[in-house]
Amino acid sequence: LGQAVTREKIDEASAMMEQHFGDGVNSNPALFNKEGWEYILQKHGGKLPVAIKAVPEGSVIPNKTVLFTMVNTDPKCFWLTNFLETLLVQVWYPMTVCTNSRYQKLSIAKYMEETGNETWSIPGGVAFKLHDFGFRGVSSVESAAVGGCAHLVNFLGTDTIAALLCAKRYYGAKTAAGFSIPASEHSTITSWGVEGEVDAMRNMLEQYPTGLVACVSDSFDLFRACKDYWGTQLKDLIKGRISGDKFGRLVVRPDSGNPPDIVTQVIKVLMEQFKEDVTETKTGHKVLPAYLRVIQGDGVDWESIPEILEKMKKEGLAAENVAFGSGGALLQKLNRDTFKCAFKCAEVTVNGKAIDVFKDPKTDKGKASKKGRLTLQLASETTGFAEEDIYKPRDGEDGVPGGTGFLHYTPDGKMVTVANNRGDPAKDIMVEVFRDGVLVKDWSLDEIRKRADIPNGPFIS
């Protein structure tokens with residue numbers, strides 16, 4: 001935004017590129033486009049002469065669909081659009097984290113509904129069911145901020161403080177966008193020694209006598225901790241967290257073993273120890289007392305969550321009993337190829353004539369790109385075309401390069417990327433968000449959350 005190109009940046013880049021394009025001994029000043037950057041500085045005050053259109057943030061869009069387009073607004077800066085590819089393609093990261101997080105939200109909501117959950121508004125429902133433990137597992141503080149904020153599109157639980165700052169500074173969050181509770185870690189338990197573990201656990205309950213508190217319980221013997229410590233020696237302290245107008249809850253955290261088995265076994269042990277207060281949902285699935293829950297923070301990802309919840313369901317345990325914490329799998333175990341995010345040249349103008357541009361390598365037809373100016377439209381609003389206008393990929397090595405047709409429908413048939421400049425700009429789902437150094441459209445986190453939410457989600461009610 002604003003002035004992106006300065007004299008200092010040009011001089012620094014020029015000196016660096018002379019060396020970079022050299023042979024390790026001799027510099028090479030010929031390859032760096034210094035004149036192009038100086039033109040932008042002089043003609044445009046250092047502001048980038050490009051226009052960007054994008055789908056509204058938080059939109060749920062199938063992959064292999066156009067998500068944003070960029071064109072240069074000054075013909076002399078024809079080179080600039082592709083020059084910006086490296087920076088702009090980095091949007092793959094928050095998009096992929098947000099999609100990963102939302103998919104897990106769908107899984108959790110599904111099992112909550114199937115096991116009889118009836119309370120969906122905050123703080124109930126799915127709002128706090130997937131907690132971000134990922135700060136230490138990402139590559140940088142910036143990654144934690146961007147990825148953590150992407151997770152907060154879907155949930156309210158996080159320990160990634162950088163994400164809160166990102167939401168406040170860039171997405172208009174007036175208060176904290178995510179929340180957490182006091183929680184022990186292994187070192188705060190193991191430093192008391194094996195014989196002192198129960199005292200360390202008692203200390204957690206006494207230091208935080210109201211509200212929610214979480215305590216890791218597998219430092220030495222998980223099932224001894226659940227049965228003898230939580231379920232016997234500390235039972236009265238736990239039960240006493242709810243009395244009169246006081247509400248408190250212990251969240252027991254196992255952190256090792258096979259997740260589906262461990263979660264199910266822990267819940268069953270706790271239910272046996274606190275059986276006098278166990279209830280059932282309308283579907284007959286058992287629920288721990290309100291003062292007791294479990295959080296699984298080990299081995300949690302989009303694949304393991306449904307495995308855990310399916311086992312619980314089959315054994316008569318409600319999904320309400322458990323929340324999840326996810327770290328590297330939430331913010332780091334993904335890459336640009338997870339959803340095949342790519343940025344390709346689709347049109348050039350030569351001597352005043354627009355020419356479609358595409359790639360379609362014979363060695364990988366999955367890498368074919370779309371041609372010409374693109375719009376994203378609702379299929380229901382895209383009418384008047386013939387069957388042959390529907391895109392068909394190249395048929396074999398000797399087929400038509402780039403395929404035939406220009407209507408790229410999504411698998412569900414609800415949207416269509418219209419290529420070859422055949423779309424209707426008035427029906428384009430993409431809107432202009434940036435022009436010549438100015439952000440012309442901005443969305444708040446609240447707006448994004450509502451757009452991305454699911455049925456029974458926390459943000460649409």
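Predicted, not measured: the structure shown is a model, and the values here were computed from it. Excluded from the calculations below are hydrogen atoms, water molecules and symmetry mates; all remaining heavy atoms, backbone and side chain alike, are included.
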Worksheet item: What residues form a side-chain hydrogen bond (donor to acceptor under 3.5 Å, both in side chains) with K110, not counting sequence neighbours?
Response: E114
Practice prompt. Sorted by first residue and then second, give each salt bridge (Lys or Arg N to Asp or Glu O under 4.0 Å) pair with at least one member in residues 406-431; sequence neighbours left out.
Written response: K53-D428
Worksheet item: For the side-chain hydrogen bond (donor to acceptor under 3.5 Å, both in side chains) test, which of K313, K129, E310 pairs with Y111?
Response: E310
Discussion item. Do V263 and P260 have side chains that approach each other closer than 4.5 Å (heavy atoms only, starting at C-beta)?
Written reply: no
Worksheet item: Quick one: do the Q104 and N100 side chains pair a donor with an acceptor below 3.5 Å?
Response: yes
Worksheet item: Would you say the side chain of D436 lies within less than 4.5 Å of the side chain of V50, judging by non-hydrogen atoms?
Response: no
Worksheet entry | Pairs satisfying salt bridge (Lys or Arg N to Asp or Glu O under 4.0 Å), at least one member in residues 135-164, at least two apart | none
Worksheet item: Distance-only, no hydrogens or angles: does the S59 side chain make a donor-acceptor pair with backbone N or O of I61 under 3.5 Å?
Response: no
Discussion item. For V55, run the side-chain contact (heavy atoms from CB on, under 4.5 Å) check against L376, V431, T65, V60 and tell me which one passes.
Written reply: L376
Worksheet, complete the sentence: When I267, L250, L212, V287 are each screened for side-chain contact (heavy atoms from CB on, under 4.5 Å) with R293, the one that passes is V287
Fill in: Test item: D453 and K105 side chains (from C-beta on) under 4.5 Å apart, heavy atoms
yes
Worksheet item: Tell me the ring-ring contact (aromatic ring centres under 6.0 Å, His included) pairs involving residues 294-330, sequence neighbours left out?
Response: Y103-W302
Item to complete: Quick one: list whatever passes side-chain contact (heavy atoms from CB on, under 4.5 Å) with P94, sequence neighbours left out.
Response: V146, A150
Worksheet item: Salt-bridged, R253 to D255, with N to O below 4.0 Å?
Response: yes
Discussion item. A side-chain contact here means heavy atoms from C-beta on lying under 4.5 Å apart; do T281 and E320 qualify?
Written reply: no
Discussion item. With salt bridge (Lys or Arg N to Asp or Glu O under 4.0 Å) as the rule and sequence neighbours excluded, what pairs involving residues 27-46 come up?
Written reply: R7-E38
Practice prompt. Would you list the pairs meeting ring-ring contact (aromatic ring centres under 6.0 Å, His included) in which at least one residue belongs to residues 325-358, sequence neighbours left out?
Written response: F68-F343
Discussion item. Which residues pass the side-chain contact (heavy atoms from CB on, under 4.5 Å) test with A379, not counting sequence neighbours?
Written reply: Y409
Worksheet item: When you check the gap from the basic side-chain N to the acidic O, do K311 and E307 get nearer than 4.0 Å?
Response: no
Worksheet item: Among pairs that include at least one residue of residues 153-175, which meet ring-ring contact (aromatic ring centres under 6.0 Å, His included), considering only residues two or more places apart or in two chains?
Response: H151-F155
Worksheet item: Side chains of S140 and S143: donor-acceptor distance under 3.5 Å anywhere?
Response: yes
Fill in: Partner set under side-chain contact (heavy atoms from CB on, under 4.5 Å) for S27, not counting sequence neighbours
E18
Let me have the donor-acceptor pairs involving side chains of residues 442-451, under 3.5 Å, with sequence neighbours excluded, atom names and distances please.
{"residue": "S444", "atom": "OG", "partner": "E447", "partner atom": "N", "Å": "3.2"}
{"residue": "S444", "atom": "OG", "partner": "E447", "partner atom": "OE1", "Å": "3.4"}
{"residue": "E447", "atom": "OE1", "partner": "S444", "partner atom": "N", "Å": "2.9"}
{"residue": "R449", "atom": "NE", "partner": "L152", "partner atom": "O", "Å": "2.7"}
{"residue": "R449", "atom": "NH2", "partner": "L152", "partner atom": "O", "Å": "3.0"}
{"residue": "R449", "atom": "NH2", "partner": "A177", "partner atom": "O", "Å": "2.7"}
{"residue": "R451", "atom": "NH1", "partner": "E57", "partner atom": "O", "Å": "2.5"}

Item to complete: Classify the side-chain pair T264/E315 by whether it contains a donor and acceptor separated by less than 3.5 Å.
Response: no
Worksheet item: Under 3.5 Å, is there a donor-acceptor pair between the D218 and S256 side chains?
Response: yes
Worksheet item: Applying salt bridge (Lys or Arg N to Asp or Glu O under 4.0 Å), which residue pairs with at least one partner in residues 374-398 are found, sequence neighbours left out?
Response: D360-R394
